[in-house]
Peer 1: 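Got a structure for you, written out below as structure tokens; questions coming shortly.
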Amino acid sequence: MLDAKYLRNNLDEAASQLARRGFTLDTEQLAEFESERKVIQAKTQELQAFRKSKSKEIGMAKKNGEDASEILASVASIGDDLKSMEARLKNLLDETNAVLMSIPNIPHESSPDGKNEDENIEVRKWGELPTFDFDIKDHVDLGVELGTGWNAKGGLMDFETGAKLSGARFTTLKGPLARLHRALIQLMLNTHTEEHGYSENYVPYLVRPDALRGTGQLPKFKEDLFAIEANEEDIADNKQLHLIPTAEVPVTNMVSDSILDEKDLPLRLTAHTPCFRSEAGAYGKDVRGLIRQHQFEKVELVQITKPEDSMNALDELLGHAEKILQLLKLPYRVVALCTGDIGFSACKTYDIEVWVPAQKTYREISSCSLFGDFQARRMLARYRNKETGKPELVHTINGSGLAVGRTLVAIMENFQQADGSIKVPEVLVPYMGGIKIIK
RNA sequence: GGAGAGGUGGCAGAGUGGUCGAAUGCGCACGCUUGGAAAGCGUGUAAACCGCAAGGUUUCGGGGGUUCGAACCCCCCCCUCUUCGCCA
């Protein structure tokens, strides 16, 4: 959420900043809300102040044994006025808040201008693209043909069984491929906790709407989420549980509603979780293979920092995610998202894209974003500034480190051999119980 | 799921209808003291919102109610702890 005060006092500037990302701010509506708010709030507070002082007088009079009936009479009539004023104010504030919650973050000045992903800017490339002296297969063909006969029928990557159990966009992995998938998670978590200074967390996979509002998935992107069935009462009370679309939600919200100690910052948090996305609006997109699933695993990196440290933290976190691909020797590139392509809550985002040989292109495998105080304001996550002694909003940063399923895809395709087997990256061999080739 | 206890500031913890945004302690900040530190002493220290400011409003788990006035009384809900049951 943007700072309401900033918005009020710099409406036109905010509008032009938001226009950079293609968002049209309804300045007229906000100005109208604001002028109405001023009047109603002043009136309400005036009535409240009157009642408060009169009540105090009554209290004193009674204590002194004086007759308070005259003061009582003077305050008796304001009850209804005050009640209706308070109700109007509350309605107006709720309405305003609903609008504010739907306004995306203002892009950072360093985010390149652009309309869509075509205008993203490549920052760097790493690694050499593999060359093959045979006809390569994509991960689907590789996975389906691998280990045929293992477990009676089907290959190590079994889309039919996944579909039977749960429908489209669900997959089962078997045998050494399932283990490779697990090995990746272990490698990622170990690297981030042992070498990059992150603390490991285990978090709930079902969260309340408040948490989703905190990080910005709600109220605008409800259709992307899976929600648990709930009765109307729970829905009204904001208790309907939703499956997390990313660990960003539970991990970042760990610091919601709190005032952190400055000396504890930055917080570096990591967690491995499954992620669930309904992928509404993605029909026909990446229907083949493991790229776009309703359920996938991810190791997430989150940092909670002081405002002045956040930009460095983003660069640092990006490096931590890249490190995994370097360890795996997978070629990738880093892309700075343009203003038209950054997510709702982010002000600056780098995507890491890994080389996918069968598609002859780089595909997103991590998205590392700086949110400034946008999420912190929604979550009310603060730290006590030692110099001022006052609580101030923290900054939040997060990124995938990495998306596990897509990493598996990249390994299969980049390290495939002529006979359809997969060479296990060296760093993973210890996690694979010594298995060097998956066939 | 049953029974009991409880939810108050950064933390611990008093407060059962009026001058209570709230004692006290810890923590934190500043000052005195010291060669320096500790201890000690003194002062200060909740948050959100409105306002250029002075100042004002709101908030004692959440929501309703009673009252001129609610941390305090009534109703509903949530959470935590103890305990019994059940259970991976």
Side-chain angles (χ1 to χ4, degrees), chain A residues 1-11 30-31 33-97 99-101 202 204-211 213-214 230-241 253-265 267 304 306 373 376-394:
Chain A
M1 188 158 78
L2 299 178
D3 183 5
K5 199 183 273 183
Y6 164 79
L7 214 47
R8 260 199 299 279
N9 299 329
N10 309 276
L11 198 51
L30 283 171
F33 276 148
E34 171 58 7
S35 60
E36 205 178 330
R37 194 216 89 230
K38 265 189 182 151
V39 175
I40 297 178
Q41 181 160 340
K43 188 95 191 183
T44 306
Q45 295 194 352
E46 192 183 309
L47 287 170
Q48 285 171 330
F50 178 76
R51 183 189 63 185
K52 198 172 169 182
S53 72
K54 287 296 172 189
S55 291
K56 237 169 213 182
E57 282 180 37
I58 293 167
M60 276 195 261
K62 289 211 165 167
K63 194 149 228 175
N64 299 334
E66 294 161 18
D67 177 28
S69 56
E70 206 171 299
I71 315 172
L72 267 166
S74 76
V75 84
S77 63
I78 75 164
D80 289 343
D81 277 0
L82 185 55
K83 245 178 207 155
S84 74
M85 245 345 142
E86 282 176 338
R88 275 179 69 189
L89 183 62
K90 186 177 182 300
N91 277 343
L92 188 63
L93 291 179
D94 285 350
E95 221 174 314
T96 308
N97 199 251
V99 172
L100 291 182
M101 287 290 275
Y202 172 77
Y205 304 153
L206 291 166
V207 296
R208 291 185 169 180
D210 270 341
R213 267 190 288 273
N231 59 40
E232 280 180 32
E233 202 180 326
D234 280 351
I235 293 173
D237 289 349
N238 267 309
K239 294 208 305 244
Q240 182 179 29
L241 293 174
N253 276 284
M254 284 168 74
V255 299
S256 71
D257 263 312
S258 61
I259 302 175
L260 301 163
D261 223 318
E262 183 172 334
K263 67 174 191 291
D264 295 332
L265 298 180
L267 292 180
I304 311 291
K306 294 195 274 181
D373 60 15
R377 186 171 295 107
R378 290 172 160 243
M379 297 190 298
L380 207 60
R382 297 151 296 169
Y383 78 103
R384 195 170 294 280
N385 182 321
K386 272 210 144 190
E387 275 174 38
T388 63
K390 291 288 164 200
E392 292 175 18
L393 295 170
V394 296

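Residue numbers begin at 1 in each chain, while the letters A, B, ... track the order of the sequences.
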Peer 1: Mind checking the C1' distance from B/A14 to B/C84? Whole angstroms is fine.
Peer 2: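 Approximately 33 Å lies between the C1' atom of B/A14 and that of B/C84.
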
Peer 1: Tabulated below should be each protein N or O lying under 3.5 Å from an N or O of nucleotides 43-48 of chain B; please produce it.
Peer 2:
unit_1 : atom_1 : unit_2   : atom_2 : d
B/A47  : OP1    : A/Arg384 : NH1    : 3.4
B/A47  : O3'    : A/Arg382 : NH1    : 3.3

Peer 1: Considering residues at least two apart in sequence or located in another chain, which fulfil the side chain to side chain donor-acceptor pair (under 3.5 Å) criterion with A/Asp94?
Peer 2: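 So A/Asp94 forms a side chain to side chain donor-acceptor pair (under 3.5 Å) with A/Lys90.
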
Peer 1: Strictly by Watson-Crick or wobble contacts shorter than 3.5 Å, is anything paired with B/C52, and which nucleotide is it?
Peer 2: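 For B/C52, the partner nucleotide comes out as none, under the 3.5 Å rule.
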
Peer 1: If we take the C1' atom in both B/G21 and B/A70, what is their distance in whole Å?
Peer 2: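 To the nearest whole Å, 14 Å.
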
Peer 1: With respect to the side chain of A/Lys38, which nucleotide from B/C78, B/C68, B/G51 is positioned closest?
Peer 2: B/G51

Peer 1: Counting Watson-Crick and G-U wobble pairs only, both distances under 3.5 Å, name the nucleotide matched with B/A88, or none.
Peer 2: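 For B/A88, the partner nucleotide comes out as none, under the 3.5 Å rule.
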
Peer 1: Mind listing the closest non-hydrogen atom pair of A/Pro209 and A/Gln240 along with its distance?
Peer 2: CD-O, 3.1 Å

Peer 1: I want to verify a distance call: between B/C68, B/G51, B/U66, whose nearest atom is closest to the A/Lys83 side chain?
Peer 2: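 Shortest atom-to-atom distance from the side chain points to B/U66.
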
Peer 1: Closest heavy-atom contact between A/Val394 and A/Ala376?
Peer 2: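 Between these two residues, the closest heavy atoms are O-CB, 3.1 Å.
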
Peer 1: So A/Thr96 and A/Arg37, do their side chains get closer than 4.5 Å, heavy atoms only?
Peer 2: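 Sidechains of A/Thr96 and A/Arg37: no contact.
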
Peer 1: Give me the distance, rounded to whole Å, that separates B/G61 from B/G69 when you measure between the C1' atoms they each carry.
Peer 2: 23 Å

Peer 1: Closest to the A/Gln48 side chain: B/G21, B/U57, B/C49?
Peer 2: B/U57

Peer 1: B/A48 and B/C86: how far apart are their P atoms, nearest whole angstrom?
Peer 2: 49 Å

Peer 1: Only pairs with both distances under 3.5 Å count, Watson-Crick or wobble alike; so what is the partner of B/C73 in this structure?
Peer 2: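 Matched B/C73 with B/G65 under the 3.5 Å cut-off.
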
Peer 1: Pick the C1' atom in B/A71 and in B/A23, then give their distance to the nearest Å.
Peer 2: 14 Å

Peer 1: Tell me which of A/Ala4 and A/Val75 sits closer to the 5' end of RNA chain B, going by the nucleotide each one is nearest to.
Peer 2: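 So the residue in question is A/Ala4.
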
Peer 1: Which whole number of Å gives the distance between the P atom of B/C28 and that of B/A38?
Peer 2: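 Nearest-Å result for B/C28 against B/A38 at atom P: 11 Å.
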
Peer 1: Say you pick atom C1' in B/U67 and the same atom in B/C73; how far apart are they, in whole Å?
Peer 2: 10 Å

Peer 1: So, for A/Leu260 and A/Leu267, which heavy atoms are closest and what is the spacing to 0.1 Å?
Peer 2: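 In this case the closest contact between A/Leu260 and A/Leu267 is CD1-CD1, 4.3 Å.
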
Peer 1: Look at the side chain of A/Lys52 and decide which nucleotide, out of B/U58, B/C49, B/G51, has an atom nearest to it.
Peer 2: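 Output: B/U58.
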
Peer 1: Can you tell me the pairing partner of B/C32 across any strand shown, Watson-Crick or G-U wobble, with both distances under 3.5 angstrom?
Peer 2: B/G40

Peer 1: Short question: side chain of A/Asn385, backbone of A/Glu392 - any donor-acceptor pair under 3.5 Å?
Peer 2: no

Peer 1: For B/G17, what is the paired nucleotide under Watson-Crick or G-U wobble rules, both distances under 3.5 Å?
Peer 2: none

Peer 1: Check every atom of B/C28, B/G18, B/U57 against the side chain of A/Lys386 and return the nucleotide holding the closest atom.
Peer 2: B/C28

Peer 1: To the nearest angstrom, how far is A/Asp257 atom CG from B/G62 atom P?
Peer 2: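 For the pair A/Asp257 CG and B/G62 P, the rounded distance is 11 Å.
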
Peer 1: Would you say CZ of A/Arg88 has more than 12 non-hydrogen atoms from neighbouring residues, nucleotides or ligands within 6.0 angstrom?
Peer 2: no

Peer 1: Return the nucleotide paired to B/A3: Watson-Crick means purine N1 to pyrimidine N3 with N6-O4 or O6-N4, wobble means G-U with N1-O2 and O6-N3, both under 3.5 Å.
Peer 2: B/U82

Peer 1: Return the nucleotide paired to B/U45: Watson-Crick means purine N1 to pyrimidine N3 with N6-O4 or O6-N4, wobble means G-U with N1-O2 and O6-N3, both under 3.5 Å.
Peer 2: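 B/U45 is paired with B/G27.
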
Peer 1: Taking the minimum atom-to-atom distance to the side chain of A/Gln45, which one of B/C68, B/G21, B/G56 wins?
Peer 2: B/G56

Peer 1: Would you list the pairs meeting side-chain hydrogen bond (donor to acceptor under 3.5 Å, both in side chains) in which at least one residue belongs to residues 44-59 of chain A, sequence neighbours left out?
Peer 2: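 Non-adjacent pairs meeting side-chain hydrogen bond (donor to acceptor under 3.5 Å, both in side chains): A/Gln48-A/Glu86.
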
Peer 1: Side chain of A/Arg51, heavy atoms from C-beta onward: which of B/U58, B/G21, B/G51 has the nearest atom to it?
Peer 2: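 Of the candidates, B/U58 comes closest.
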
Peer 1: Of the nucleotides B/C49, B/G18, B/U19, which one has an atom closest to the side chain of A/Ser55?
Peer 2: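 It is B/G18.
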
